[in-house]
Every structure is written in structure tokens, then in C-alpha cells.
Amino acid sequence: MAQNRSSFTGKIGFVLAAAGSAVGLGNIWRFPYLAAKYGGGIFLLVYLILAVTFGFALMCAEIAIGRKTGQSAINAFKSLDKRFAFVGVLGAVIPAIILPYYSVIGGWVTKYLFAFASGDAAASASDTYFTGFIAKPFEPIGWFLVFMGLTALVVLFGVEKGVEKVSKIMMPVLVVLTIVIAVYSVTIDGAMEGVKYYLMPDFSRFSATTVLAAMGQLFYSMSLAMGIMITYGSYMKKDVSIEKSVHQIEIFDTGIAFLAGLMIIPAVFAFSGGDEAALGKGPSLMFITLPKVFNSMPGGAFIGGAFFLLVLFAALTSSISLMETVVSIVRDKLGWGRKTACLAVFVFCIVLGIPSSLGFGVWDFISVAGLSILDMFDFVSNSVLMPIVALFTCIFIGYVIKPKAIIEELEVGAPFKAKTLFTIIIKYVAPVCIILILVSSILDVLGVAKI
Ligand code: TRP
């Protein structure tokens, strides 16, 4: 692959491909429930600050490493400095942890699409619909297998290009629909309290955990700190401005997340008065709240069906990109053929995905530090491994190859304006903040575990 690297065509090709990987369940499902749980406005503010500082610098850095070396993550670090090869390897483990549980949530989306298509829209708005569904042993696993199977078929037959074409039409429609639903949500009776909660930061709720959650979400949503952007960068042409592309991807990715929050959080207040329990619903929040919104909306059954279809597409483009990554790592490292590698990854995902699904039902007694099995995988990848990979990436660039080496690459196609900001973040701000936050939040979790 390395000798014959095809490039993205045109300037927009790169941005679209990277945005396709970035926009997914992270934006629509994960961002709103974290924002609801971690104080609304304060979470949004911290997230936005991190996005324009850490997120910007790290994404520029990863793309530049990829384009400079022309290699995917594992080899890119190795080719720059052998001692740092482990960072690439650590990053490569992350998509394999995410994919199984991502597909469990993808299965829930598929279930809701099916429910709306088969006339169950009104029923899905009841309080017990989701909890009833999720507690069943077999049904959620069945939908997980449907979603995982779709993903695996696309990767097995190599028809990603077809899916990408469809998703190029679906994405703008998803944006429009999200805006429509968000506008409707904020006008429901009692939603204004929620708009305030979401937009006005309450500084008394600021804590290290908020920052860690926002940072993990930033990495997750922008597909950072796991080698993905390095691989994308390795396909990027030299005449494209990395800085501009990163701005475009960030605006798109953050914009959709912001809208998803506006669609869900005010509705939580409208339907439950915003009590802490409703806000802290975690992974189930979107599935409990949105059907209520659709149920109260004129034409809601149709709009809801269309919405879940579009979300399914956004989720599939991400899961395909995740599985593609894992399969190519397995092929590179073990020298297996495409079919064998696909099958192995598929089986692996089923083995990890089934417990994640059961953790909401028959296995809900299993929890570590208050986290369900799915939340545990999510925590390990997003709040532990990604910050560690990000930390070592910053140390590597800041002190081993030096920021200048990366800035040179960033300046190849176009001037790079944010040089000083980039250097300061990579060398000082990011490493110090990541260490402080990691340590304090892990202590926090251990503290909870002891109780
Ligand atoms: N960014 C994706 C989302 O928001 C999820 C994701 C994380 C991802 N890592 C990835 C997608 C790697 C593709 C590749 O849903």
C-alpha cells in the first residue's frame, strides 16, 4: 500500500473523507448525554475551548505526521523514532476497543429506525419502551448483529466508495433535519429552562472530571489520538492547506454536536422538568428523549423515521472506517488475507459486543466504579488510552522531533498562521493539562470504587 498511495482528489476530498469519519454517533448520541450529565453550559464551554486549542493543534499535528511520513500510524511513529513506535501501537488498539460497543449503539439506532418504519413511533415515546427493550437478553444483541453485519459486509466486499457516495447526500440532509428538530425542541413548553442549562455555564459545576470528559469527547468525536488522522494525512496531497482543512472539519463536527445537544437537552427539561436523574441518563438519553419529541411533533413519525435513517448512515460511515482500520492493522501485522482478517475482526467484535449489550439487562449487576460494561469500554478508550496517546504525541513532537519539523510540513501547501499557538500548546499546555487531569480523574474514579 505504501508504494502506491492513492491521494484524495481535489481540496474538498480530504475534508469530506475526514468529516465522514468524524461525524457519527459521537456527535449525535455521545455529546448530548455528556453535556447533560456534566453541567450543560460549563461542559459546552470547556469543550469549545479545548476544540480550538488542543483539538486544533493535535489534529494539525496528526495529519502533518501522516503526510510527512506517508505512512499509517504504527509505521509513522516508528519511521520517525523507533523508541516511540509504541505510541502508534497503543493508538491502534483504540479502534478495536471502540468498534464493538459502537456497534451495540448502532444496533439501537437500527432498532429505532425499524420501530418508526413499522408504525411503532407512538409506542416508543413511552417511559418504559427503551428500558424494556434494553433489558431483553436477545433482541438488542440481534440488532447489534444486524449493524455489525452491515459494517462487515461493506468492509468485506470493499464497497466503501458506494457508501461514501450515498453519505455525501445524506450528511447535508442530516444537518438540515437536525436544525429543524432543534428549532422545534427549543419551542416545546418548558424547554427554555433547558436552553439556559445548555448555553449558560454554571462555574460551580466545573471540575477535573468535566475537563476529562470534554477532552475524551473531543478526541472521540474528531477521531483523534488513535492514529486515524495520521492515516488520512498520509493520503493528503501536498498542495492542500492542513490548517484550513482542520478548521473546516472542526466547524462541521462541532456544529453537528452542538445542534444535537440543542435538539436533546431542552427536550429533557420539557418532558421531565430537568431533574438530575433525567439528565444523568448516560448512553440511553437520546433513545429516551427523542421519541418523545417526535411524538409531540406534527408529522413526527415520519420525521423521526427519516432522522434515525440518517443517523444510521452517519454511524455506518464511522463504523466502516473503524473496522477498516482494525482490519488493515490485522492484515499488516499478521499478514492475513482480507477475508480472514474481516472474519477475525467480526468474531472479536461479537465477543466484546455481546457483554456490552447484556450489561444493560441480565448482566447489569456487573459494574466497576459505577460503570456498566459498555461504559467501561468507553471509559478505558476515551478517558484513559486516548489522553495517554495524545500526551505521548505531544511529548514526541514537542521534545523529540521538535515542533519545527511539523510546522515545516504544515507550511508546505500554504502559510501556517498559528505557529506560536501550536508550539505552546504542544510543548507546554497540553502535556501539563493532560497529566493533571488524568491523575485527578483516575483518583476520582478509584475513590468512587472504594465506596
Ligand atoms: N468520530 C466518530 C464519531 O463521532 C467515532 C470514531 C472514533 C471514529 N474513532 C473513530 C470513527 C475512528 C472512525 C474512525 O462517531
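Note that ligands are numbered from 1 as they come in the structure, with each ligand's atoms numbered from 1 the same way. The residues of the chain are indexed from 1 along the displayed sequence.
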_Tell me whether the rings of F116 and F308 are parallel (<30°), tilted (30 to 60°) or perpendicular (>60°)._
tilted
*How are the rings of W108 and F130 set to each other: parallel, tilted or perpendicular (split at 30° and 60°)?*
perpendicular
*asked:* Can you classify the ring geometry of Y232 versus F14 as parallel (below 30°), tilted (30 to 60°) or perpendicular (above 60°)?
replied: perpendicular
*Just jot down the ligand 1 atoms closer than 4.0 angstrom to any heavy atom of S321, in number order.*
13 (C), 14 (C)
_Apply side chain to side chain contact (heavy atoms under 4.5 Å, CB included) to residues V268 and L285 and explain how you reach the verdict._
CA-CA 9 Å; V268 176; L285 189 68; 3.8 Å; yes
*If you count the atoms of ligand 1 from 1 in the order shown, which ones are under 4.0 Å from a heavy atom of S221?*
1 (N), 4 (O)
_Protein heavy atom at shortest distance from atom 8 (C) of ligand 1_ = S223 OG, 3.5 Å
*Is a salt bridge present between R83 and D81, judged by a nitrogen-to-oxygen distance below 4.0 Å?*
yes
_Distance under 4.0 Å to a non-hydrogen atom of Y102: what atoms of ligand 1 satisfy this?_
3 (C), 5 (C), 15 (O)
_Close aromatic pair by centroid cut-off 6.0 Å: F84 and F396_ = yes
*Among Y198, F31, Y197, whose ring pair (Phe, Tyr, Trp, His ring centres under 6.0 Å) with F43 holds?*
F31
*Which of these, F219, W29, Y220, has its nearest heavy atom closest to atom 7 (C) of ligand 1?*
Y220
*Answer with yes or no whether A22 contacts ligand 1, where contact means a heavy atom under 4.0 Å from a ligand atom.*
yes
*atom 12 (C) of ligand 1: which protein heavy atom is closest, and how many Å away?*
L322 CD2, 3.3 Å
*Hey, which atoms in ligand 1 end up nearer than 4.0 Å to a heavy atom of L25?*
15 (O)
*Tell me: protein heavy atom nearest atom 11 (C) of ligand 1, and distance?*
S21 O, 3.2 Å
_Validation row, ring centre Y33 to ring centre W29 under 6.0 Å_ = yes
*Could you tell me which atoms of ligand 1, counted from 1 in the order shown, lie closer than 4.0 angstrom to a heavy atom of N27?*
4 (O)
*At a 4.0 Å threshold, what atoms of ligand 1 neighbour a non-hydrogen atom of I228?*
12 (C), 14 (C)
_Atom indices of ligand 1, in the order listed, that fall short of 4.0 Å to a heavy atom of M226_ = 7 (C), 9 (N), 10 (C), 12 (C)
